Amino acid sequence: MKLATWNVNGMKARLEFMRLWLADRAPDVVGLQELKLTDDSFPHDAFAELGYRALTHGQKSWNGVAVLSRLPMEAVQVGLPGQEAFGSRLLTVRIDDGSADGLQFTTVYCPNGKTLEHADYPAKLAWFDSLAEHLETALEPSSILCGDFNIVPDPLDSWMGTDGEGRLFHTAAERARLSRINDLGLADLFRHRNPDTQAFSWWDYRGGAFHRKQGLRIDLVLGTADLAARVTEAGTDRDYRKKQEGLTASDHAPVIVELDG
DNA sequence: ATGTCCACTAGGAGTGGA
């Protein structure tokens, strides 16, 4: 089974690009972030043509998450309890993967924080606290939590290396929130499979960051132990951060994880 | 180089966000 997460930076702007990627990579389940559209305007027909059903939690202009799946699924949780005012940022579904209980699949678009001085920064930390509290009761033996976390887990995951320490995305306070989530029994599946590899998932559009190799790994696929044991491959789909057939890419690359069975 | 891209409001180019 092939799972992926992708911050598409605008569904309307990215639809044709996404078609190319889906046809090429053929993932089974994809968590999408930053749709920037309402549920009413989600292009279900375009994905149905490619064999995917979608469940969505959108909003006008900003944020918005969805899950695409070739397997049957149903919505379990729409929005992070207590944090609804911070935008549409969480969606949990149950995927019918043939197992008795199914696969619980959550995708998140975590707050950016803007700057260390901005009110959104402590609000980001509080949002993560709410996420951890929610997961304490919601997690199951087979759970995936994927999305744009807007946190760099380790200096290896930043183009700045240790020089980035303490900056936004790189603070001890943010990492403490990520650690709390990991401590619930969720492993970073890319890092689990590739202990020493540097592979970024986001590069700023500005300043030629992609070609300068100035990226960050902030898009993560976390999984419970039984899923971590099944990982056969995990990587960033860096080619799809590049223009394809004249179509503009998102500033995030997809992250793909393959499980046996 | 804060050098790009997206969505919105407008009915063209500026604004805010990442």
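Bear in mind the structure is a predicted one, so any value in this text is a computation, not a measurement. We use all heavy atoms of the structure for the numbers below, so side chains are in, but hydrogens, waters and symmetry mates are not. Naming: A, B, ... by sequence-line order, numbering from 1 per chain.
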Worksheet item: So, is A:K60 close to the B:dC6 phosphate, meaning a side-chain N or O under 4.0 Å from OP1 or OP2?
Response: no
Worksheet entry | Toward the 5' end of DNA chain B, by each residue's nearest nucleotide, A:L37 or A:K243 | A:K243
Discussion item. Can you tell me how far apart CD1 (A:I144) and OG1 (A:T92) are? Round to the nearest 0.5 Å.
Written reply: 12.0 Å
Discussion item. What is the distance, to the nearest angstrom, from the CH2 atom on A:W203 to the C1' atom on B:dC5?
Written reply: 16 Å
Item to complete: Give a yes or no on whether a salt bridge exists between A:D239 and A:K242, defined as a side-chain N under 4.0 angstrom from a carboxylate O.
Response: yes
Worksheet item: Just how far, in rounded Å, is P of B:dC8 from CG of A:L35?
Response: 12 Å
Worksheet item: CG of A:N7 versus C1' of B:dC6: gap in Å, rounded?
Response: 11 Å
Fill in: Atom-to-atom span, NE2 of A:H211 to C1' of B:dT4 - whole angstrom
12 Å
Fill in: For atom CZ of A:F42 and atom C1' of B:dA7, their distance in whole Å
17 Å
Practice prompt. Figure out the CG/C1' separation between A:L247 and B:dC6, and round it to whole Å.
Written response: 15 Å
Tabulate protein N/O versus nucleotide N/O from nucleotides 15-18 of chain B, keeping only pairs under 3.5 Å, one per line.
{"residue": "B:dA18", "atom": "OP2", "partner": "A:K114", "partner atom": "NZ", "Å": "3.1"}
{"residue": "B:dA18", "atom": "N6", "partner": "A:R206", "partner atom": "NH1", "Å": "3.2"}

Discussion item. For A:R19, is there an ion pair with A:E16 - N to carboxylate O distance below 4.0 angstrom?
Written reply: yes
Worksheet item: According to a strict under-4.0 Å criterion, is A:R14 in side-chain N/O contact with OP1 or OP2 of B:dC5?
Response: no
Worksheet entry | Residues clustered with A:L220, ILVMFWY side-chain links under 4.5 angstrom | A:L80, A:F86, A:L90, A:V108, A:W127, A:F128, A:L131, A:L135, A:L139, A:L145, A:F149, A:I151, A:L178, A:I181, A:L184, A:L186, A:L222
Discussion item. Using 30° and 60° as the class boundaries, would you call the ring planes of A:W21 and A:Y240 parallel, tilted or perpendicular?
Written reply: perpendicular
Discussion item. As an exercise, state the distance from CG of A:N9 to CG of A:L35, rounded to the nearest 0.5 Å.
Written reply: 11.0 Å
Item to complete: Determine the contact category for A:G208: base if any of its heavy atoms lies under 4.0 Å from a base atom, sugar-phosphate if only primed atoms, P, OP1 or OP2 are that close, otherwise nothing.
Response: nothing
Worksheet item: Quick one: which of A:N7, A:T107, A:D148 gives a side-chain hydrogen bond (donor to acceptor under 3.5 Å, both in side chains) with A:Q33?
Response: A:T107
Worksheet item: Reckon A:T248 has a side-chain N or O less than 4.0 Å from the OP1 or OP2 of B:dC5?
Response: no
